[in-house]
Amino acid sequence: MILHPGALALLVASVATAGLLLHAAGHGLVILRHWDLSSGSELQLRLERRTYLVSTLVGWVMAFELVSLFLYVFTADALAPLFRGAMCAAGSLRAAPGGYQVLVLKLAGAVLAGLWLLLDHADRQGFDYPLLRPKYAALLAVAPLLLAEAWLQLRFLTALRPQVITSCCGSLFGRSGAGLAGDLAGLPPRAAAAAFLAAAGAALLAAVALRRTGRGALPLALASALLLPAGLAAAIAWVSPYVYELPTHHCPFCLLQREYLGIGYPLYAALLGASVAGMGAGLLAPFRRIPSLAQAVPALQRRLAGAAAVLGAALLAIVAWAVLGSNLKG
Amino acid sequence: MRTWLARQRSLLDFALGSLWRRKGKNLALTAVYALTVAAVASVLFFTGALRAEAARVLAGSPEVVVQRMVAGRHDLLPAGHLQALRGIRGVGEIRGRLWGYFHDPTPQANYTIQVPDRFWGEEGQAVVGQGVARARRLAPGSPLDLVAHDGSTLRLRVRELLASGSELVSADLVLISEADFRRLFGVPPGVYTDAVLTVRNPREVSTVAAKVAAALPDTRPITREELARTYESIFDWRAGLSVIVLGAAVLAFVVVAWDKASGLSAEERREIGVLKAVGWETSDVLALKAWEGAAVSLTAFGAGVLAAYAHVFLLGAPIFRPALQGWSVLYPQFRLVPEVGPYQLATLFFLSVAPYTAATVVPSWRAATVDPDAVMRS
């Protein structure tokens with residue numbers, strides 16, 4: 001265990017998140033079991049009140065998840081000098097088992113929590129709690145994932161030992177590196193770029209179309225779902241060598257460093273935001289047919305499409321700036 | 001979007017008004033909250049600045065230090081070892097160093113006596129750091145008598161004082177000539193305290209260190225990276241320990257916040273009851289409560305961070321300094337260079353705002369869902 005303030009903050013965050021989530025899931029379970037809108041009983045009235053509590057709790061969980069995703073990478077980065085061979089977060093995350101799994105779970109948690117909040121927002125637009133059952137079923141499905149993440153993070157942080165020899169990002173994200181990291185870095189840059197530009201272009205077009213015509217939510221969701229992995233792969237295989245101006249350096253974490261102007265922050269934020277907004281628009285599509293949401297959902301979808309378009313355009317602009325403004329040519 | 005913003009602005013306006021109506025209670029809570037944030041923030045800022053200071057100092061230190069070990073203890077290094085080091089490929093410059101610690105009984109302090117690479121004074125002269133000058137009230141030209149290893153007195157004259165800008169590393173430093181050093185400590189000619197070497201290619205430092213250990217098995221190479229890692233873990237450990245100790249204070253504050261949020265006064269209950277009776281939804285009251293919480297948190301967070309900044313960087317962290325930086329009679333007087341970034345603020349957020357929010361969310365919901373009818377009747 002490393003007594004680092006960042007690691008302690010992450011533990012506090014995971015305890016707070018897990019506590020709020022368990023509380024919310026407990027209420028969600030009761031609501032799912034006893035919900036009966038036609039009843040005017042005392043219990044039903046109490047359950048209706050509790051829906052507000054669950055929404056508020058999950059709202060905070062989502063906020064904590066997002067900030068903790070960045071704090072996790074930040075902390076891994078700050079811990080790097082403690083491990084022999086580690087130069088940035090890439091090495092710290094390998095210093096104990098589970099570092100990368102926690103990162104993937106945090107990313108998935110942030111996306112799922114964002115989608116759940118959109119579902120919740122749509123539900124509150126209808127007077128008769130139209131999405132109550134799918135919403136709480138989804139909460140019960142997401143909760144174990146976030147709890148597993150909290151548990152794995154605790155195990156990872158307590159297993160960290162400063163004398164461990166780990167790998168630096170140069171060897172981990174080098175083309176000869178083993179595992180997923182090495183595979184991603186070894187992707188042909190042109191193919192990664194083509195996949196990313198195709199996904200981003202398709203998402204942008206679909207978003208503009210949905211914003212204008214109100215149609216095309218499912219293609220937008222599909223393109224956005226592809227945009228997230230394609231964007232991460234492109235950041236590693238294609239964009240990062242341009243930012244570092246070094247063809248062999250593929251680390252996704254060094255993008256967050258001050259010497260590269262912290263370009264990773266706007267890049268990853270735009271990628272995550274555009275993906276969640278696009279997927280959210282598609283997720284809401286089946287609920288357009290519900291009478292009490294017939295007005296609200298299309299309006300919400302258009303707003304999400306607008307957000308996806310703006311964030312997608314920002315993402316493309318950042319990538320274009322990084323690639324075209326680089327001294328690395330070819 | 002505009003109506004949403006206008007609605008939030010009105011809610012914030014109402015929230016601030018509502019907080020102000022109970023200003024005694026809320027100001028007390030905000031003050032305690034800010035104090036908690038300031039305590040944790042002081043620890044983070046202070047150790048962050050110390051770490052940055054250590055990194056700056058280490059950046060100018062030699063890449064590898066080679067020490068001779070005898071029976072597990074640091075021993076003097078024969079000049080012949082320097083020749084052996086010269087044969088290692090990749091090694092740049094090699095220099096034998098002469099340095100040691102000297103206990104001066106008058107101010108009860110330890111000095112670091114060192115022979116610089118090229119001493120610019122003459123034999124019988126000394127250049128001293130500001131800490132030593134303060135302890136012995138020395139000025140250029142003053143005599144400095146030191147008791148040598150054989151009980152005789154080594155009489156030196158102060159040539160000049162070292163600039164105060166380098167005080168973190170030079171407070172306890174006394175620079176003298178090689179001949180004076182050997183006379184003071186009785187170190188025979190042909191041996192050194194240790195050796196330092198530069199490495200031509202910085203990526204080969206660990207390879208060179210391994211070669212040194214293989215070529216001279218009775219030595220211990222220490223790389224700059226290892227020193228940096230040691231400093232990092234010491235400062236992290238001290239900061240973490242302090243944060244854990246302060247955790248009790250944070251926990252106490254969270255209990256106070258929870259208690260305050262759950263113990264609604266009759267007046268507050270009536271207020272919420274009236275709001276709901278005139279048509280406010282539960283979600284509106286919840287938003288109002290969220291704004292109240294955000295106003296308290298942001299004010300306390302901002303005030304706490306500013307107070308910690310002033311405490312650490314303007315006043316020199318008088319509360320935490322003894323615990324976090326270590327202790328010595330000749331401790332350097334140095335100004336900390338502010339090192340505050342988004343990382344420290346995010347850490348601080350999770351150590352203060354997250355527990356507060358988690359503790360107040362359920363009581364706020366309870367307040368927001370009171371039944372107007374029941375409140376009016378009571």
Side-chain angles (χ1 to χ4, degrees), chain A residues 1-20 23-24 27 45-46 48-57 59-61 63-64 67-68 70-75 77-87 124 162-163 165 170 256 258 262 265 303 306, chain B residues 1 40 43-44 47-48 51 55 203 206 223 225-226 228-233 235-244 246-247 250 254 281-283 285-287 289-290 341-362 364-366 368-371:
Chain A
M1 173 72 194
I2 285 179
L3 280 184
H4 187 278
L8 294 174
L10 279 170
L11 290 180
V12 169
S14 68
V15 168
T17 311
L20 293 178
H23 204 98
H27 285 303
L45 214 60
R46 274 212 308 273
E48 284 176 22
R49 282 182 188 156
R50 282 192 200 177
T51 59
Y52 291 103
L53 175 63
V54 175
S55 299
T56 316
L57 290 172
W60 280 113
V61 168
F64 290 169
V67 184
S68 87
F70 281 95
L71 186 67
Y72 183 69
V73 178
F74 256 144
T75 303
D77 205 43
L79 288 176
L82 294 180
F83 306 107
R84 197 173 298 186
M87 290 164 84
R124 281 191 282 155
Q163 66 273 26
I165 298 177
L256 304 169
R258 211 178 284 176
Y265 291 107
R303 284 221 303 277
Chain B
M1 191 67 185
V40 180
V43 172
L44 296 183
T47 45
R51 192 181 297 139
R203 288 173 164 226
S206 53
T223 65
E225 199 198 330
E226 279 172 339
R229 197 177 315 133
T230 310
Y231 275 110
E232 280 282 330
S233 37
F235 289 137
D236 283 347
W237 181 78
R238 285 180 180 175
L241 211 61
S242 311
V243 167
I244 287 182
L246 288 173
V250 174
V254 165
E281 297 269 343
T282 301
S283 56
V285 183
L286 265 177
K289 286 278 156 198
Y343 173 57
Q344 277 141 322
L345 295 181
T347 306
L348 199 55
F349 172 84
F350 271 136
L351 289 174
S352 56
V353 177
Y356 172 79
T357 309
T360 51
V361 61
V362 175
S364 296
W365 165 76
R366 285 226 173 88
T369 49
V370 291
D371 192 0

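Chain letters run A, B, ... following the sequence lines, proteins first and then strands; every chain starts at 1.
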Which atoms of [X] approach chain B - backbone, side chain, both or neither, heavy atom under 4.5 Å:
X       : result
A:Leu20 : side chain
A:Arg50 : both
A:Ser55 : neither
A:Ala63 : neither
A:Thr17 : neither

### Message
Below 4.5 Å, heavy-atom pairs only: which of B:Leu241, B:Val40, B:Thr282, B:Leu348 has the largest tally toward chain A?
### Response
B:Thr282
Considering only heavy atoms, which portion of [X] lies under 4.5 Å from any heavy atom of chain A: side chain, backbone, both, or neither?
X        : value
B:Thr357 : side chain
B:Ala228 : neither
B:Leu286 : side chain
B:Glu226 : side chain
B:Val362 : both

Between [X] and [Y], what is the shortest heavy-atom contact and its length?
X        : Y        : result
A:Pro5   : B:Val243 : CB-CG2, 4.5 Å
B:Leu351 : A:Ala9   : CD2-CA, 3.7 Å
A:His4   : B:Tyr343 : CE1-OH, 2.8 Å

## Note on the structure
d(A:Thr51 OG1, B:Trp365 CH2) to nearest 0.5 Å is 9.5 Å
### Query
Short question: side chain of A:Trp60, backbone of B:Ala354 - any donor-acceptor pair under 3.5 Å?
no
### More than 12 heavy atoms from other groups under 6.0 Å of CZ on A:Arg49
yes
### Selection from A:Thr56, A:Thr75, A:Leu57, A:Val15 maximising heavy-atom pairs under 4.5 Å formed with chain B
A:Thr75
